[in-house]
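Presented below is the structure to which this report refers.
Values in this document were obtained by computation on a predicted structure and should not be read as measured data. Along the sequence shown, residues are numbered consecutively beginning with 1.
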Amino acid sequence: MGENEKRKRKEKVNSMSGIGNLGEIQTIDFLKKEFGFAIYLPLKDIGIDFIGVKRDSLFQFQIKTSAFQKNRYFWFKLNKRKMVYGKNIYYIFVCYTMPRHNMMGKAKNYIIIPSFDLKKWILSSRIPLEKGSNSVCQIFLHPDITKKKWIFRNKGQEIDWTKYWNNVKQLK
């Protein structure tokens with residue numbers, strides 16, 4: 001690999017981690033201000049980005065963030081070996097748009113999915129593995145602007161994720 005290719009790869013990784021951090025901060029701010037969560041950061045990354053406490057309930061969150069890709073979808077990766085599952089563990093897919101921009105009438109779009117739903121879809125291959133991998137899943141999340149739906153699509157599989165869109169009611 002040439003120096004130019006190494007530099008481009010490093011820039012891509014740095015920009016991806018930057019948007020990941022931005023998604024985490026945006027989500028923390030959203031949960032604190034809008035829903036009164038107290039947020040705690042774990043000292044060690046064990047597959048959970050942060051812990052939220054509201055009244056007597058404790059929730060654990062893993063945040064995945066993507067900007068809009070090719071004017072068609074949001075793209076996320078999950079490594080099933082690093083995933084954590086539990087009753088109050090949620091994966092939040094942040095569909096990031098630039099400030100003052102909207103996607104389907106909302107400035108912030110969070111797909112909040114219980115970890116056991118993801119586990120069921122991964123084990124049943126409804127969320128397929130990336131070609132050539134035995135542990136990485138790719139999430140292609142397509143917003144259908146006319147129908148106001150969020151649809152997961154990959155390798156012939158399709159799952160309607162609309163019910164998870166900004167659905168913080170499940171965090172009670």
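Closest approach of Lys148 to Trp165, counting heavy atoms only: O-CZ3, 4.1 Å. Closest of all the heavy-atom pairs between Asn167 and Gln170 is O-NE2, 3.0 Å. The two residues Pro128 and Phe152 have their closest heavy-atom pair at CD-CZ, 4.0 Å. Residues Cys95 and Ile111 come closest through the heavy atom pair SG-CG1, 4.2 Å.
Of the possible donor and acceptor atoms, none in the side chain of Asn79 sits under 3.5 Å from a partner among the backbone N and O of Val136.
Contact of the Leu129 side chain with the Lys80 side chain is registered, since non-hydrogen atoms from C-beta on lie closer than 4.5 Å. Residues Phe61 and Leu171 are in side-chain contact: their nearest non-hydrogen atoms beyond the backbone lie under 4.5 Å apart. The closest side-chain heavy-atom distance from Trp121 to Ile113 is below 4.5 Å. Using a 4.5 Å heavy-atom threshold, the side chains of Ile139 and Tyr91 count as separate. A 4.5 Å side-chain heavy-atom check between Thr65 and Leu22 finds every atom pair outside the cut-off. The closest side-chain heavy-atom distance from Phe68 to His101 is not below 4.5 Å.
Interatomic distance, Leu58 CG to Phe37 CZ, rounded to the nearest 0.5 Å: 9.5 Å.
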### Message
Under the criterion ring-ring contact (aromatic ring centres under 6.0 Å, His included), I'd like the reasoning laid out for Phe93 against Tyr164: C-alpha separation, chi angles, the key distance, then a yes or no.
### Response
CA-CA 10 Å; Phe93 296 87; Tyr164 301 105; 9.6 Å; no
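For Tyr73, the ring-ring contact (aromatic ring centres under 6.0 Å, His included) partners two or more places apart in sequence, or in a different chain, are Phe140, His142.
Summarising the local packing, NZ of Lys155 is surrounded by more than 12 heavy atoms from other residues, nucleotides or ligands at distances under 6.0 Å.
For the pair Lys64 and Phe76, the cation does not sit on the ring face, since its NZ or CZ is not both under 6.0 Å from the ring centre and inside 45° of the axis.
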